[in-house]
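Per chain, numbering begins at 1; letters A, B, ... match sequence-line order.
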Protein chains: 2
Amino acid sequence: MTGSKIRNMEEFASLSGISRPTISKYFNNPNSVRSSTRNKIEAALERLEYRPNIYAMNQNRKLTKNVGVVVPLLSDPYFAEIARNLEQHCLAAGYRPTLFSSHGDPALEVEVMDTLRSLKPAGVLLAPLGRASDRAALKKFCDDVPTIIFDSSVDEIGLAFVGSDNFQFTAHITDYLCRTGEPPCFFEMKTPANPNAHRRRQSYLNAMETFGYTPHVISVDGEGWGFEEIGRLGGHEALEQGRFSTNTILCSNDRLAIGLLTACFEKNIRVGRCEDCAIRVAGQDGHPHSRYTCPPLTTISHAYNAVSQTAAEALFAAIGGQVSPWKSTRLEGKLILRDSA
Amino acid sequence: MTGSKIRNMEEFASLSGISRPTISKYFNNPNSVRSSTRNKIEAALERLEYRPNIYAMNQNRKLTKNVGVVVPLLSDPYFAEIARNLEQHCLAAGYRPTLFSSHGDPALEVEVMDTLRSLKPAGVLLAPLGRASDRAALKKFCDDVPTIIFDSSVDEIGLAFVGSDNFQFTAHITDYLCRTGEPPCFFEMKTPANPNAHRRRQSYLNAMETFGYTPHVISVDGEGWGFEEIGRLGGHEALEQGRFSTNTILCSNDRLAIGLLTACFEKNIRVGRCEDCAIRVAGQDGHPHSRYTCPPLTTISHAYNAVSQTAAEALFAAIGGQVSPWKSTRLEGKLILRDSA
DNA sequence: ACAAGTATTTTACGCGCGTAAAGTTTAGCC
DNA sequence: GGCTAAACTTTACGCGCGTAAAATACTTGT
């Protein structure tokens, strides 16, 4: 770096001996210029330290390189992990990802979509809040901006949906639990935030019927996204009232299970698959924290990488002009055997 | 909304009966126009559905309304929580926050700063990686962009530092542990990512000396940001080798403590302050997850809200033109008594 | 070496808004 | 009602780059 800061592309062009439009073309796509030219530009780039003004770039461009990534709750490590994956796929493909969280609030979700609009993104990867989402606003947004929906599906909105196969999820872990001990009852929130919860309950019911067992669902009260606390309080109540019909409890998700494990601990109930354990508890999601519960949580994990990669690739294909009919991709989860069940 | 989309400010101006420069002024600061004018604009805004083009806005403006928020690891709920707080303070003050994570990688941290530069932000709230950070790059960035450093301090860089008082933190919880049982030994990473860790160790040593006890530090191997696993593996090893000199263990941070609790569970060691518990374990940070460990973790919590508010306000003041000398603000933590110690 | 085809340069305009300056209207006050 | 200061309108220019069209230079194959 010669220290001398370049003001604009014009200046950089003359200093590098290339015309400005060609420089512009290079920044738009380095492979669109002859390699000899590219080398000259890149050499100049190193000694001159110039970066185009992104505002001027995007202002008069039909399509920006921005990609929005929206998750319902960033403080949930599960979403943070997916967001990180998506971010890196975008970066690798030459896009500029921007991260947003709805923080569990439908009003904020609408605000995020508004902000996103003004960013004029080439595309958006969006995990909706679910039940609480403003469907109309979501639909309108998807009509205006190329959007891939992930994690939880809301109608047939956007270009495509990518997520996990909740039916396979629950069927698989239910099967495991039935084969290794008492058939499980199902522990869930009465009014779950996420539509996946309904699929999981249904899948549990189906699986139990298939296996010839009587299903039993325990639905606990609680609003919002504080799943652990809901699981803990609901767990206490259910334990006190003897609402668990068997010694095996399949939770609708890992965070609920984490709360239930805390409740069990507080009630001095030994959890696990050992001889002297009173109950077994399993979760669903492969939450980053599930390894560190006591006992470590048996769960079924999302294919984090595959989901993010599939979603990202679908978006890039759509941005690239590939038109394909709406499609739902649901990837299978992998059972993670640990000590809790 | 009349449905008819407005193309630009010119059009919106004529349709609302106000001149374009005044509209521009309004968007820059709604309070800078007469209230009667403001009402007219806002009425038009509702029926016309117009939003200024942010790229055109920022391209020829000396100062944007953008604020960058950078954390070292967004998948750590502790940082996610602080980031959420900061984000909301920015929004409330009329800024446009953008969230970035270094994902524990120094190279990424540098990349984030590069991206941030091109965003021409009015200011940045940055929590550095710490030990692994590229000091020179950080310093250069802070020279170019008004930056408040938070969480962990690296030299006297930026406009100011806001974080927690690690000396108070550790002294306070050490005091508590000494008063309620055996004096603690200190469990930490040998090469911690975060400089706060050094302060905490030192504070532990000071406190123990003050109280007239012999300090004992257990430093475990492990690189990176997978603190739970480092705590778990290190915990196993330390337990097997009998390296814990007392029955009370103060961990350098909550995530390490979470790992240690898992190790204890796996070794069938009962943790807590009950009669038949073998050891007590305490953490530091008030990690969102600490409530749900088994047993729930006694810890000392950051003043999340106060830290974010102080940092945000310092930045806004600096953006507003208030020049003040570099200053370090360290807020006290609050002891959270739970069952683990 | 020559043709065809592609890459680059030149030239020129426009994007949507910030901003400054000068003139005009409005509001507030005695 | 007349004064002043503030707010507004008009006019005009510029920001840094995208992009289109036409002219020119280069590469490639034979």
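Listed by first and then second residue, the side chain to side chain donor-acceptor pair (under 3.5 Å) pairs involving residues 115-139 of chain A are A:E109-A:S133, A:R117-A:D144, A:R135-A:D155 (not counting sequence neighbours).
When the salt bridge (Lys or Arg N to Asp or Glu O under 4.0 Å) test is applied to B:R20, the partners found at least two apart in sequence or on another chain are B:E10.
Within the 4.0 angstrom heavy-atom criterion, only backbone atoms of the sugar-phosphate kind lie near A:Y50; the bases stay farther away.
When only modelled atom types and interatomic distance are considered, B:H103 and A:E87 share a side-chain donor-acceptor pair under 3.5 Å. Side-chain contact of B:D151 with B:Y78: a donor-acceptor pair under 3.5 Å is present, judged by distance alone. Between the side chains of A:E11 and A:Y50, no donor-acceptor pair of N or O atoms lies under 3.5 Å.
Evaluated for a side-chain contact (heavy atoms from CB on, under 4.5 Å) with A:F100, the options A:V124, A:L116, A:L108 yield exactly one hit, A:L116. Just one residue in the list B:V112, B:T147, B:V71 forms a side-chain contact (heavy atoms from CB on, under 4.5 Å) with B:L126, and that residue is B:T147.
Of all heavy-atom pairs spanning A:S152 and A:I149, the tightest one is O-CG2, 3.5 Å.
A heavy-atom distance below 4.5 Å is found between the side chains of B:F27 and B:M9.
Applying a 4.0 Å cut-off to non-hydrogen atoms, the residues of residues 52-59 of chain B that approach DNA chain C are B:P52, B:N53, B:A56, B:M57, B:Q59, listed by residue number.
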Filtered N/O pairs between nucleotides 8-10 of chain C and protein, under 3.5 Å:
unit_1 : atom_1 : unit_2 : atom_2 : d
C:dT8  : OP1    : A:R34  : N      : 2.8
C:dT8  : OP1    : A:T37  : OG1    : 2.5
C:dT8  : OP2    : A:R34  : N      : 3.4
C:dT9  : OP2    : A:S19  : N      : 3.2
C:dT9  : OP2    : A:S19  : OG     : 2.9
C:dT9  : OP2    : A:T22  : OG1    : 2.6

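Contacts between chain A and DNA chain D, taken as any atom within less than 4.0 angstrom of a protein heavy atom, begin and end at D:dG16 to D:dC26.
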Please tabulate, for the side chains in residues 303-319 of chain A, all donor-acceptor contacts under 3.5 angstrom to protein atoms that are two or more places apart in sequence or on a different chain.
unit_1 : atom_1 : unit_2 : atom_2 : d
A:Y304 : OH     : A:D285 : O      : 3.4
A:Y304 : OH     : A:G286 : O      : 2.9
A:S308 : OG     : A:Y304 : O      : 2.5
A:Q309 : NE2    : A:E313 : OE2    : 3.1
A:T310 : OG1    : A:A306 : O      : 2.6

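Heavy-atom distances to DNA chain D give each of B:N60 and B:N31 a nearest nucleotide, and the one nearer the 5′ end belongs to B:N31.
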